[in-house]
Student: 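This is the structure, below, for whatever I ask next.
Keep in mind that the numbers below use all heavy atoms, side chains included, and drop hydrogens, waters and symmetry copies. Quick note on labels: first sequence line is chain A, next is B, and so on, each numbered from 1.
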Amino acid sequence: MFIKDQLTQVIHQVLLQMGFEVSTQEIHLEQPALPEHGDWSTNIALVLAKRVKMSPVELSSAVAKTVEDDISSFAFAYIKAVKAVSPGFVNFYLYNSWLHQELIELFKQGEHHYAAFDIGKGKAVQVEFISANPTGPLHVGNGWWGCYGDALARLLSRCGWMVSREYYVNDTGGQIRELGASILAAKRGKELPEGGYKGEYISLLAASYDEAAQAEVEGDEAADGQGAITAVEKAGIWAAKRILENIKTTCNRLGIIFDKYYSQREMEQSGALDQSLKDLDKRSLLYRDEGALWFKSSSLGDSRDRVLVKSDGEYTYLAADIAYHRDKFILRGFDRVIDVFGADHHGHVPSLLAGVEALGVQKGSLEVKIGQMVSLVGGIGTKSDADGSNLSATGAAVKMSKREGNVVLLDSLIDEIGIDAVRLLSLLSSIDQAVTLDLDLVKKQSMENPVYYVQYAHARIASIQKFAEVRGHAGLDRVNLNLNTLNVLRHPRELDLIRCLIELPDIIMSAYNELAPFKVTTWVRKLAGCFHGFYHDCRVIGDDVALEITEARLWLTEAVRIGLKIGLELLGVSLPESM
RNA sequence: GCCCUCGUAGCUCAACGGACAGAGCGGUUGCCUUCUAAGCAAUAGGUUGCAGGUUCGAGUCCUGCCGGGGGCGCCA
């Protein structure tokens, strides 16, 4: 049991003794920023004051006094002093052994259970992310939200959910025709059609679009029992498949492995869409107007009604998306679904939520996280920018557009700074934050990227542990680890390091609650910082280091290694043994 | 015009409604016979866009402005 939980019990017990009806949930403990405010602090007196009609100062003093008077009666031996302080905080000062005890707890639980939770209880959650249209290669923004989605999935998994990662492939509709038209135009050396796609990849694809390719598409379509399709559609379908393969390769490079790439075309061909419409119709939520089929989404929180089937008989994107979510919830039975959208699609959210609600899915089962736009400044790709670098000479932010072909490719960025740097960089700040990425700076700073700071801590630990073996320090004996062994850890650097390390369970909990994996990044950087300080001031192995100090510090080092491992694995960043 | 979102140091970003708003980069200055200097330490830098309100307490919550981004299709 963590010290924090034990201390909560103590406070609870005291409050009950004093005759106050409170639940343990109301008792909030935090580690104060300032050392003089103690190891733990609670604001319970401030919260309770009004209810019990006492002044906060009076109440906090009473609580502090009661704790002090009864200190020997608690099954809790770590309290050194308790102080009430204006405007009503109760601060607890503990013996250092409480930190050592936390380390023992960490080892007891081990890397698989420490800071892991069973909130999901094995229920199924699906995280859908990236889902970029297969009309062009992934750009940096896709990668940004992609790393977020993947890290979120890892976080959910650590919190007891059975996670599926999924990519929704919009491989049908007008955009695929436009893609096909662009390919054909490029092949014939004609002007690109209005609204066509312009990137370099179009001409590359066009060059390899031959009769065999056409035959391949025709064969597939015949197998699917579809009717005749136009030359434009053929080219579009073919190109989309090729592009999707390219997208998969890029995702795999980044360590983002989807359980499923879900094809919109296949779903439509399966008749799932019609079934979805029937379900909505059963609830009397559809009506016809001007030849189109409408969804009464305004009755479910949307700002207006939406068209599901156009007057030309084609389905809208929304119709397909509702059917897709029907598939997720009703057919596949996910208990929870989290969609990660770019901010450019957030207008779609109320309609989708209305659709999902209309299908009878419990409210709240679908959560949508909106990734703010990633704007780019500066240039990248020193060799040739032909494959899509955007760069304005002025260095002004350029809006990325697949259609305009001025995207900065995710692959280029990975080539430039590496996988770990991309992952950590994209997980540095909240997804709610619209970030500006200065590509010149990123390139220039690639050697001093924050990721190296963290990885370097790990490499140093690995180095110490190797050296320990060389010097013949026996393996760590976990069974007999006790407070006496760790008691010599008293250096401020050591205590700070432990203090930081043991925040991990709380960090993961709040990262989970807020769907904010970047909190893990922030923590991992802080931990690395504490470790570097410790490394600098506290030698682990050496002729002038006492044996019991070496032993205790080896323990501490191992604990930090576990913490770094948990953190970096959640972020999908590798842990180098040497650098 | 309406809806969503963001506004914190020169730059990029942190801060469960808590105590004096913190890091990194960039600037200045120190530290390598020692387990990796991709490191450590010191120093400078702020009226948290503005104005009200709620609260014992507001960068955080509410209202209104101002500014950036996104969205308001029988596109996806």
Student: Examine B:A41: is either OP1 or OP2 under 4.0 Å from a nitrogen or oxygen in the side chain of A:R493? Give yes or no.
Tutor: yes
Student: Are any of the side-chain heavy atoms of A:L277 and A:Y315 separated by less than 4.5 Å?
Tutor: yes
Student: Is any side-chain nitrogen or oxygen of A:K466 closer than 4.0 Å to OP1 or OP2 of B:C35?
Tutor: no
Student: Dot-bracket for RNA chain B, please. Rules: Watson-Crick or G-U, both distances under 3.5 Å, ( ) within the strand, [ ] when a pair crosses earlier ones, | for another strand, . otherwise.
Tutor: (((((((..((((....[...)))).(((((.......))))).....(((((..]....))))))))))))....
Student: With no angle test and no hydrogens, is the base of B:G70 tied to the side chain of A:H346 by a donor-acceptor pair under 3.5 Å?
Tutor: yes
Student: Can you tell me the distance, in whole Å, between the CG atom of A:D344 and the C1' atom of B:U5?
Tutor: 13 Å
Student: Show the nearest heavy-atom pair for residues A:T550 and A:V540, with the distance to one decimal.
Tutor: OG1-O, 2.8 Å
Student: Using the six-membered ring for Trp and the full ring for Phe, Tyr or His, decide whether A:F89 stacks on the six-membered base ring of B:G18 (centres under 5.5 Å, planes under 30°).
Tutor: no
Student: Among A:R553, A:R499, A:R539, find the one that has a salt bridge (charged side-chain N to carboxylate O under 4.0 Å, His left out) with A:E494.
Tutor: A:R553
Student: For B:C16, is there a stacking contact with A:H28, counting only centres under 5.5 Å and planes under 30°?
Tutor: yes
Student: Tell me whether the OP1 or OP2 atom of B:C32 has a side-chain N or O from A:Y535 closer than 4.0 Å.
Tutor: no
Student: For a quick check, tell me whether the side chain of A:S86 and the base of B:A19 share a donor-acceptor pair closer than 3.5 Å.
Tutor: no
Student: Is there side-chain contact between A:H473 and A:Q465, with heavy atoms separated by less than 4.5 Å?
Tutor: no
Student: Less than 3.5 Å between a donor and an acceptor, one on the side chain of A:S303 and one on the base of B:C3, is that the case here?
Tutor: no
Student: Which whole number of Å gives the distance between the C1' atom of B:G39 and that of B:G59?
Tutor: 33 Å
Student: Are A:L353 and A:L366 packed together at the side-chain level, in the sense that at least one heavy-atom pair is separated by less than 4.5 angstrom?
Tutor: yes
Student: When you compare B:U48 with B:C61, how far apart are their P atoms, in angstrom units rounded to a whole number?
Tutor: 16 Å
Student: Indicate yes or no: at least one non-hydrogen side-chain atom of A:K83 is less than 4.5 angstrom from one of A:V85.
Tutor: no
Student: Which part of the nucleic acid, if any, lies within contact of A:Q455, taking any heavy atom under 4.0 Å across all strands shown: a base, the sugar-phosphate backbone alone, or nothing?
Tutor: nothing
Student: Does A:K369 place a side-chain N or O at less than 4.0 Å from the phosphate oxygens OP1/OP2 of B:U5?
Tutor: no
Student: Below the 4.0 Å mark, does B:G24 have OP1 or OP2 next to a side-chain nitrogen or oxygen of A:K526?
Tutor: no
Student: Between A:Q433 and B:A14, is there a side-chain N or O to OP1/OP2 distance below 4.0 Å?
Tutor: yes
Student: Does either side chain, that of A:D171 or that of A:Q264, offer a donor lying less than 3.5 Å from an acceptor on the other one?
Tutor: no
Student: Can you check whether A:Y452 has a side-chain N or O nearer than 4.0 Å to OP1 or OP2 of B:A38?
Tutor: no
Student: Write down the distance between CG (A:D302) and C1' (B:G71), rounded to a whole number of angstrom.
Tutor: 12 Å
Student: Taking only side-chain N and O atoms of A:R304, does any of them lie within less than 4.0 angstrom of OP1 or OP2 on B:C74?
Tutor: yes
